[in-house]
Number of protein chains: 2
Amino acid sequence: MTPELRHLRYFVAVAEHLSFTVAARELHIAQQSLSQQIAALEHALGARLFDRDTRGTRLTEIGRVFLPEARAVLDRADTALQAARRAVRGETGRLRLAFLASTANYMMPPVVRAFRKRYPDVELTAEAVGIADLVAGLREDRYDAAFTRPPLVDDLETEALVSEPVCAVLPTGHPLAGRAGLRLADLAAEPWVLTSRESWPPWHRKYDDDFRAAGFEPRVAQRADGVPSLLGLVAAGVGVTRLARSAHSLRRTGVVFVPLAGDRAETVVAWPATRDRQVVRNLRAVAAELASSIDLTEAG
Amino acid sequence: MTPELRHLRYFVAVAEHLSFTVAARELHIAQQSLSQQIAALEHALGARLFDRDTRGTRLTEIGRVFLPEARAVLDRADTALQAARRAVRGETGRLRLAFLASTANYMMPPVVRAFRKRYPDVELTAEAVGIADLVAGLREDRYDAAFTRPPLVDDLETEALVSEPVCAVLPTGHPLAGRAGLRLADLAAEPWVLTSRESWPPWHRKYDDDFRAAGFEPRVAQRADGVPSLLGLVAAGVGVTRLARSAHSLRRTGVVFVPLAGDRAETVVAWPATRDRQVVRNLRAVAAELASSIDLTEAG
DNA sequence: GGGGGTCACAGGCTCTGACTGTAACCGCCG
DNA sequence: CGGCGGTTACAGTCAGAGCCTGTGACCCCC
């Protein structure tokens, strides 16, 4: 018989109480069973661990040698089980996050701060990336989750976190800049600056649908990728564009944000559909709680 | 079910081979049993440790977290069992030795050296003491074993190691100093120096028997405890005495050792009869081997 | 389509780890 | 000195665990 953890537990209990009867009660087994288990352990070790008689129970010299050893084994086993269980609960391990550049300004700080506070032992990395890198990274297991805007692709799961108004972005002094609100159709005659079609086709398919529904096809004066570039072009008077309201924190001068009626933009958390990881579920919970308690889009 | 070491052993085996079939063969159990045991462990942990299909077996993330932990637990358990087994074999622990002062000069160096070489991890202490301290120390669990001369007392076990001639110790120039050998009766007319009767009554009972058998009662000129004192008094011409031959190494001048016919002194190892300890048995074996391979009494 | 290999399910068997009952021993008290 | 209380160990029993064998499900290859 090779000693098992159970034997060590029984041994330590007897050693601590110096009584089979009391130890058995603590262990919730019959005293006779405990006596047998200790006898088996002694047989396996080839030595008595206790001297016992009707007056009491005492550790032998070998028993005194073995007691700290047994405790150390039990402690180590406990540590191992805890490590596994913490990993199961997503409390340890790593989490590699990507933030779409246009969401990073308002999402990264509060999400990273809140997650680190809640799960201090998870190794978290976060980076702002373009949409193509973001999607490729999720698919190629370089990122575990990402904060981004839909639509994405079918093999990524998403969960909406935040919804915010979409605004027409006009150069300062534009005739429509003073309006409290606009409709997309109001901008039919304007020159437009938009991202390149190749930057993320699913978005452009949606843009096409939106413009069609508004009854016009935008005259694209110039294309540029990245929100800061678009804002710069608008400020320069090259054209108008359409962005989520939170983008207003990326440029302070030369542009005016006017809400577009009925148009809202979502920020979502995305993750690969094929990998179900607790640490990602934990992230989603933290992000959802965050989103429900403060207006993340105002925090940028 | 709380995981046992068996489960960890099974898990590590599968993780190392990435095959239930191969691991089962190594563990000498059926593959189906191994599959069940791993399933039980996964249930206990609440997570899959392996992804497996007909193409092969791979560790999951949780499995990767748990593998080094499981190995550490098994290693710690191994260390604990080894520690216990080494203690059982008397390879660790402590050994407190006493040497009767008159045997220390020739017994202590070789015995201590040999024992430490054979059992480097036993904490050995050794001290030269008088007979009363030696016996009291054995009885009061201050010494584990001792090297001494008989007779002792009934509650101490002894084992003879060495036998050597007993010699008449005469002052240089004594008329009998040139003899090759003497009988005790030859010294009937001499003044004697002996140890005090209280120093160790069992010895003096033996001395009384010896003198009676030789047909005289010694005229004790002076009593002193300790072999060096007796040698000094003999050298001073106060009287003669009788000592084991090995005592000759304790004083170089002023005394002559002449063998006494038919008289021999034993050196024994002694230990308490009530405590049977492997480390003491090991000591006895080392001492007996030493005694059989060299003349310890000449080594002084 | 058949063969080979892997892991999991199903059913069965042996033995273990628990149970209860009680024996053996010791100390204490009347 | 006998009875009582308390402790540990022995004895007999039983449910379930850990192993077994047989085989299913699935995949890959020829």
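Convention: sequence-line order gives letters A, B, ...; per-chain numbering from 1. These values consider heavy atoms only, across backbone and side chains, with no hydrogens, waters or symmetry-generated copies.
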message = Please determine whether a side-chain nitrogen of the Lys or Arg among A:Arg149 and A:Glu266 lies less than 4.0 Å from a carboxylate oxygen of the Asp or Glu.
response = no
key: Donor-acceptor under 3.5 Å (B:Thr158 side chain, B:Ala270 main chain)   = no
remark   = A:Glu69 meets the salt bridge (charged side-chain N to carboxylate O under 4.0 Å, His left out) criterion, sequence neighbours left out, with B:Arg76
inquiry  = Once hydrogens and angles are ignored, does a donor-acceptor distance under 3.5 Å link the base of C:dA8 to the side chain of B:Gln36?
reply    = no
Below 4.0 Å: OP1/OP2 of D:dA9 and any side-chain N or O of A:Ser35 = yes
ask   = Counting side-chain heavy atoms from CB outward, which of C:dC19, C:dC7, D:dC19 is closest to A:Ala30?
value = C:dC19
inquiry  = Angle between ring planes, B:Phe66 versus B:Phe11, binned at 30° and 60°: parallel, tilted or perpendicular?
reply    = tilted
request  = Scan B:Phe50 against the nucleic acid and name what it touches under 4.0 Å (heavy atoms): base, sugar-phosphate only, or nothing.
outcome  = nothing
message = Side-chain N or O of A:Ser33 versus OP1/OP2 of C:dG17: is the shortest distance under 4.0 Å?
response = no
task = Under 4.0 Å between any heavy atoms, over every strand shown, what does B:Thr21 touch: base, sugar-phosphate, or nothing? Just pick one.
result = sugar-phosphate
Geometric class of the A:Phe115/A:Tyr119 ring pair [parallel <30°, tilted 30-60°, perpendicular >60°] = tilted
Atom pairs, N/O to N/O, protein against nucleotides 27-30 of chain D, distance under 3.5 Å?
from   : atom 1 : to      : atom 2 : distance (Å)
D:dC27 : O4'    : B:Thr54 : OG1    : 2.5

ask   = So, is A:Gln32 near the phosphate of C:dA18, with a side-chain N or O under 4.0 Å from OP1 or OP2?
value = no
request  = Using only heavy-atom distances, determine whether the side chains of A:Ser196 and A:Asp225 contain a donor-acceptor pair under 3.5 Å.
outcome  = yes
query = Once you round it to whole Å, what is the distance between P of D:dT21 and NE2 of B:His28?
reply = 14 Å
request  = Check the distance between C:dC7's C1' and B:Leu27's CG and give it to me in whole angstrom.
outcome  = 16 Å
query = Step by step, would you call B:His7 with B:Tyr10 a ring pair (Phe, Tyr, Trp, His ring centres under 6.0 Å)?
reply = CA-CA 5 Å; B:His7 295 104; B:Tyr10 291 173; 7.1 Å; no
ask   = Looking at A:Ser19, does any N or O in its side chain come under 4.0 Å of the phosphate oxygens OP1/OP2 on D:dT7?
value = no
query = Reckon B:Arg52 has a side-chain N or O less than 4.0 Å from the OP1 or OP2 of C:dT6?
reply = no
request  = Determine: side-chain N/O of A:Thr57 to OP1/OP2 of D:dT8, distance under 4.0 Å, yes or no.
outcome  = yes
query = How long is the line joining CG of A:Leu18 and P of D:dT7, in whole Å?
reply = 13 Å
